[in-house]
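All values reported here derive from a predicted model rather than from experimental measurement. Every heavy atom of this structure was used, including side-chain atoms; hydrogens, water molecules and symmetry mates were not.
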Amino acid sequence: MFNTINGGKTETACFDIIVFAEMVMKQLKDLLGDGYSISVSENRKNNGITPVGLSISSNSERPDAGAIIYLEGYLGSYNEGDMDIMEICDDIIKVFHENMRDFDFDTGSISSFDQVKDRICCKLVNAEMNSDKIYMLPHRKFRDLAIIYYIPLQVNGYNASITITPNLLELWGVDEADLYDAAMNNNTEYCILSIAEVMKDAAAELGLNGADSFFAAPPHMGPEMYVATNKAREFGATFLMQKNRLKEFSDRINDDFYILPSSVHELLFIPATGMYASSLSEMVKDVNANLLDKEEILSNSVYRYYRDLNKVIVECYG
């Protein structure tokens with residue numbers, strides 16, 4: 001921490017997010033009193049990303065629910081002198097009450113497997129980068145990746161999810177194989193688009209004429225590439241597990257094809273003829289290092305679908 005002068009007033013800036021979180025938590029406890037539970041939360045997300053926030057719940061408002069309010073933005077405002085601790089606390093209290101007022105998810109709706117099995121989804125994550133997380137969850141390995149399970153939901157108009165834990169499995173009386181079967185039945189809405197189609201869609205979203213815009217694909221832009229994802233374009237890399245769809249695509253192009261892990265949300269398919277896994281691996285590594293947020297990275301590996309085996313193999317480990 002260090003002192004700065006802001007408009008004639010001395011402010012104490014803070015570089016440590018944990019120290020800042022404890023400062024805000026202490027002030028919130030004084031303001032809200034004993035009817036609230038408040039704690040510092042380091043909620044581990046994908047690939048080791050651990051944003052710091054405050055977990056807040058009310059004993060009277062919704063005792064079965066709470067909110068985690070992340071603090072990185074508030075820390076920036078505090079260090080810039082735009083908000084002091086009291087203003088930050090006032091804003092957090094406002095956000096918390098708005099969340100609780102609009103919270104319309106019935107936590108009782110997940111007490112039975114029959115109630116949730118048609119909503120269970122899965123996602124692929126990097127097994128090594130999430131090794132300390134996935135071993136505590138029901139999961140299965142897939143090549144150098146791991147499959148974990150969740151229930152998507154909407155809270156206050158935003159996409160959210162509940163990660164499925166061993167406690168939920170025990171409550172439901174099922175095992176990981178039941179989760180896998182349910183997720184495979186539910187994860188069915190996939191699509192494959194050529195890069196030209198992706199560019200055309202991007203132009204349309206921006207209200208541009210695809211034929212005249214920067215997004216128009218030139219006739220010879222290198223190897224033909226396709227984007228594979230799901231309809232929601234969220235955790236669409238699970239296409240990698242859809243053997244029937246992979247075979248259909250291979251038949252369509254009459255070739256094996258390489259699979260590049262573009263992100264946790266999508267894959268790139270490239271016909272194999274004339275291409276080399278080593279050069280594609282360098283491209284994947286460069287994109288992951290320079291263009292993707294760490295949380296979005298799936299893998300540095302390159303995969304190949306072999307038609308004669310109807311199987312995905314890691315062709316080049318990252």
> Look at the rings of His97 and Tyr36 and say which category their plane angle falls in: under 30° parallel, 30 to 60° tilted, over 60° perpendicular.
perpendicular
> Treating Ile, Leu, Val, Met, Phe, Trp and Tyr as nodes and any side-chain heavy-atom pair under 4.5 angstrom as an edge, say whether Leu31 and Tyr74 lie in one connected cluster.
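As far as the 4.5 Å side-chain criterion goes, Tyr74 and Leu31 are connected within one cluster.
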> Write down the atom of Glu224, the atom of Pro271, and the distance for their closest heavy-atom approach.
O-CD, 3.1 Å
> Between atom CD1 of Ile17 and atom CG of Leu71, what is the distance when rounded to the nearest 0.5 Å?
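Output value for this atom pair is 5.5 Å.
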> Quick check for you: to the nearest 0.5 Å, what is the distance between Asp178 atom CG and Ile120 atom CD1?
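Asp178 atom CG to Ile120 atom CD1 measures 8.5 Å (nearest 0.5 Å).
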> Locate the shortest heavy-atom distance separating Met241 from Ile147; write the atom from each residue and the value.
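Residues Met241 and Ile147, closest heavy atoms: CE-CD1, 3.6 Å.
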> How long is the gap from CG on Asn230 to CD on Glu266, to the nearest 0.5 Å?
10.0 Å
> Atom CG in Leu246, atom CG in Asp256: separation rounded to 0.5 Å?
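It comes to 11.5 Å.
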> Do other residues, nucleotides or ligands put more than 12 heavy atoms under 6.0 Å from Asp251 CG?
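For Asp251, atom CG is crowded (more than 12 foreign heavy atoms under 6.0 Å).
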> If Ile, Leu, Val, Met, Phe, Trp and Tyr residues are connected whenever their side-chain heavy atoms lie under 4.5 Å apart, and connections chain through other members, are Ile134 and Leu168 in the same group?
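As far as the 4.5 Å side-chain criterion goes, Leu168 and Ile134 are not connected within one cluster.
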> Report yes if some heavy atom in the side chain of Ile18 is under 4.5 Å from a heavy atom in the side chain of Glu22; otherwise report no.
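Heavy-atom side-chain distance check passes, below 4.5 Å.
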> Any chance you could measure Arg140, atom CZ, to Ile148, atom CD1, to the nearest 0.5 Å?
14.0 Å
> Rounded at 0.5 Å granularity, tell me how far CG in Asp255 sits from OG in Ser250.
7.0 Å
> Check whether any side-chain heavy atom of Val116 sits under 4.5 Å from a side-chain heavy atom of Arg119, and report yes or no.
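Heavy-atom side-chain distance check passes, below 4.5 Å.
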> Using the rule that Ile, Leu, Val, Met, Phe, Trp and Tyr join whenever any side-chain heavy atoms are under 4.5 Å apart, tell me whether Tyr150 and Tyr135 fall into a single cluster.
no
> Can you tell which of Tyr303, Tyr276, Tyr306 makes a side chain to side chain donor-acceptor pair (under 3.5 Å) with Glu315?
Tyr306
> Which heavy atom of Ala237 sits nearest to which heavy atom of Ser263, and what is that distance?
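Heavy atoms of Ala237 and Ser263 come nearest at CB-O, 3.7 Å.
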> Heavy atoms, side chains only, cut-off 4.5 Å: are Met184 and Gln242 in contact?
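Met184 reaches Gln242 side chain to side chain.
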> Can you check whether Leu267 reaches Leu260 side chain to side chain, under 4.5 Å on heavy atoms?
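Leu267 vs Leu260: side chains apart.
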> Would you check if Leu240 and Leu145 make a side-chain contact, meaning some heavy-atom pair closer than 4.5 Å?
yes
> Spell out, yes or no, whether Val125 and Phe142 are grouped together once hydrophobic residues are joined by side-chain heavy atoms under 4.5 Å, including indirect joins.
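Looking at the clustering, Phe142 is in a separate group from Val125.
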> With hydrophobic residues grouped by side-chain heavy-atom distances under 4.5 Å, do Val95 and Ile38 end up in a single group?
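Yes, because Val95 and Ile38 connect within a single hydrophobic cluster, where side-chain heavy atoms sit under 4.5 Å apart.
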> Has the side chain of Asp293 got a donor or acceptor atom that lies under 3.5 Å from a matching backbone atom of Glu295?
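Not confirmed, Asp293 side chain does not pair with Glu295 backbone.
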> Quick test of your reading: applying ring-ring contact (aromatic ring centres under 6.0 Å, His included), list the pairs with at least one residue in residues 242-265, sequence neighbours left out, ordered by first then second residue.
Tyr226-Phe249, Phe235-His265, Phe249-Phe257, Phe249-Phe269, Phe257-Phe269, Phe257-Tyr305
> Assess the residue pair Val24 and Tyr78 against the criterion (side chain to side chain contact (heavy atoms under 4.5 Å, CB included)); give the C-alpha distance rounded to whole Å, side-chain angles, the decisive distance to 0.1 Å, and a yes or no.
CA-CA 11 Å; Val24 176; Tyr78 178 76; over 6 Å; no
> Tell me, with the steps shown, if Lys117 and Trp172 meet side chain to side chain contact (heavy atoms under 4.5 Å, CB included).
CA-CA 10 Å; Lys117 65 181 180 181; Trp172 295 336; over 6 Å; no
> Quick check on Lys285: does its NZ atom have over 12 non-hydrogen neighbours (other residues, nucleotides or ligands) under 6.0 Å away?
yes
> Just by distance, do the side chain of Glu72 and the backbone of Val52 share a donor-acceptor pair under 3.5 Å?
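The answer is yes, because a donor-acceptor pair under 3.5 Å joins these two groups.
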> May I ask you to check whether over 12 heavy atoms, not counting those of Asp34, lie within 6.0 Å of atom CG?
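No, the 6.0 Å shell around CG holds no more than 12 heavy atoms from other groups.
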> At their closest point, which heavy atom of Gly53 faces which heavy atom of Ile68, and how far apart are they?
CA-CG2, 4.5 Å
> Quick check: do Ser281 and Asn300 have side-chain heavy atoms less than 4.5 Å from each other?
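Sidechains of Asn300 and Ser281: no contact.
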> Run Phe96 and Leu54 through side chain to side chain contact (heavy atoms under 4.5 Å, CB included) and show every step you take.
CA-CA 10 Å; Phe96 171 75; Leu54 292 178; over 6 Å; no
> Please report the shortest heavy-atom distance between Leu280 and Met275, naming the atom on each side.
CD2-CE, 3.7 Å
> Does Arg143 reach the main-chain N or O of Val312 with its side chain, forming a donor-acceptor pair under 3.5 Å?
yes
> Can you tell me if Asn130 uses its side chain to pair, donor with acceptor, with the backbone of Asn126 under 3.5 Å?
yes
> Please report the shortest heavy-atom distance between Asn288 and Pro261, naming the atom on each side.
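Heavy atoms only, the tightest pair is OD1-O, 4.3 Å.
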> Are any non-hydrogen side-chain atoms of Glu128 and Asp144 less than 4.5 angstrom apart?
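No, every pair of side-chain atoms sits at 4.5 Å or beyond.
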> Carefully, step by step, assess Asn254 and Arg307 under the rule side chain to side chain contact (heavy atoms under 4.5 Å, CB included).
CA-CA 9 Å; Asn254 195 31; Arg307 299 182 71 199; 3.0 Å; yes
> Find out whether Thr238 and Tyr190 are in side-chain contact, i.e. whether some heavy atom of one side chain is under 4.5 Å from a heavy atom of the other.
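Yes, at least one pair of side-chain atoms sits under 4.5 Å.
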